[in-house]
Amino acid sequence: MTNAVDASRLTFRDVTSADEAVVKDLLEAAFPSDMEARLVHKLRHCGALVLEQVAVDDEGNVQGHVAYSRVTPAAIGRAQGLQVACLAPVSVWPQSQRTGIGSALIRASLEKLKKIGEDLVLVLGPPSYYPRFGFDPVLARKVQGPYAGDAFMALALTEAGRRDLPIEVAFATPFEEFE
Ligand SMILES: CC(C)(COP(=O)(O)OP(=O)(O)OC[C@H]1O[C@@H](n2cnc3c(N)ncnc32)[C@H](O)[C@@H]1OP(=O)(O)O)[C@@H](O)C(=O)NCCC(=O)NCCS
């Protein structure tokens, strides 16, 4: 694999079972341990994934991966009806990082999430990266759960996602080993 991938020519599609082996390799290459690969495996097999997409180049090679899992709102008033998802993890092959692939994949997958009716997306990650997609640590202060601080950010995809807060949330069970 070379680092000459043109991010503007990528296509974005849902993961199929045929992608699982390369996605595992990608996750193990992008992160220091196999924790994220195991997380994705567990999220898939406990039915917690809301959306899982890959960025694919002209030759059909997987260049990036992103997963969104279901977040369960606790019953506080109107927030109970919100569709909430968590972005984690996202990855690009080390030799192709910082060439726009991750950003293009995140933007495309957020569009898809909006289309399928998600109201609110949460992420825990670098405050220098996620605000460019609209993620906001101030909005996330209205989301109570195991995470807090500037690395915990929220993005409303609908009016309800911004309006029907505060909310208390629980993440999918496989995240417990990350807390
Ligand atoms: C994070 C990741 C998915 C971003 O994808 P990418 O294709 O490399 O990023 P893009 O080219 O779209 O965007 C580049 C920007 O992201 C920033 N960036 C990339 N990785 C970053 C990181 N780990 N922390 C903070 N900023 C990061 C770059 O500094 C650059 O910022 P700039 O535009 O202000 O110069 C990719 O770098 C990756 O797989 N990293 C290893 C795994 C990881 O850390 N995943 C995220 C966990 S929250």
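In listed order, ligands and their atoms are each counted from 1. Both backbone and side-chain heavy atoms feed into the values below; hydrogens, waters and symmetry mates do not.
Under the 4.0 angstrom criterion, atom 35 (O) of ligand 1 counts as lacking any protein heavy-atom contact. Under the 4.0 angstrom criterion, atom 15 (C) of ligand 1 counts as having a protein heavy-atom contact.
On a distance-only criterion, Val90 and ligand 1 share at least one N/O pair closer than 3.5 Å.
Near Gly102, meaning under 4.0 Å from one of its heavy atoms, ligand 1 places the atoms 5 (O), 6 (P), 7 (O), 12 (O). For ligand 1, the atoms sitting less than 4.0 Å from at least one non-hydrogen atom of Gln97 are 8 (O), 36 (C), 37 (O), 38 (C), 39 (O), 40 (N), 41 (C), numbered in the order shown with element in parentheses. Ligand-side atoms of ligand 1 in range of Ser128: 25 (C), 26 (N), range being under 4.0 angstrom from any heavy atom. Atoms of ligand 1 found under 4.0 Å from any heavy atom of Thr99 (numbered from 1 in listed order, with element): 11 (O). Ligand 1 places these atoms under 4.0 Å from at least one heavy atom of Ser103: 10 (P), 12 (O), 13 (O). The contact set between ligand 1 and Ala30, taken as ligand atoms under 4.0 Å from a residue heavy atom, comprises 41 (C), 42 (C).
Among protein heavy atoms, the minimum distance from atom 48 (S) of ligand 1 is reached at Tyr130 OH, 3.3 Å. Looking at atom 4 (C) of ligand 1, its nearest protein heavy atom turns out to be Tyr129 OH, 3.4 Å. Closest to atom 39 (O) of ligand 1, if we only count protein heavy atoms, is Val92 N, 2.8 Å. In terms of protein heavy-atom proximity, atom 44 (O) of ligand 1 is nearest to Phe31 CE2, 4.0 Å.
Of all the heavy atoms of Phe133, none lies under 4.0 Å from any atom of ligand 1, so neither backbone nor side chain is involved. Residue Pro126 touches ligand 1 through its side chain alone, judged by heavy-atom distances below 4.0 Å.
At least one heavy atom of Gly100 sits closer than 4.0 Å to an atom of ligand 1. Ligand 1 lies out of reach of Trp93, whose nearest heavy atom is not under 4.0 Å from it.
The closest side-chain donor-acceptor pair between His65 and Glu52 falls under 3.5 angstrom. Side chain to side chain, Gln83 and Asp119 fail the donor-acceptor criterion of an N or O pair below 3.5 Å.
Salt-bridge check for Arg162 with Asp136: failed, with every basic side-chain N at 4.0 Å or more from each acidic carboxylate O. Here Lys24 pairs with Glu28 in a salt bridge; the nearest charged N to carboxylate O distance falls below 4.0 Å. Salt bridge present: Glu118 and Arg70 bring a charged side-chain N and a carboxylate O closer than 4.0 Å.
Taking the six-membered ring where tryptophan is involved, the planes of His45 and His41 are tilted, since the angle between them lies from 30° to 60°.
When the options Arg98, Arg132, Arg107 are ranked by their closest heavy atom to atom 6 (P) of ligand 1, first place goes to Arg98.
Summarising the geometry of Pro146 relative to Val169, their closest heavy-atom pair is CD-O, 4.2 Å, with the distance given to 0.1 Å. Taking both residues in full, the closest heavy atoms of Leu87 and Val123 are given as O-CG2, 3.6 Å, listed atom of the first, atom of the second, then distance.
Aromatic pair Phe135/Tyr129: ring centres not closer than 6.0 Å.
In this structure, the side chains of Ile116 and Val50 come closer than 4.5 Å at one or more pairs of heavy atoms. Looking at heavy atoms from C-beta onward, Phe12 lies out of side-chain contact with Val56 at the 4.5 angstrom threshold.
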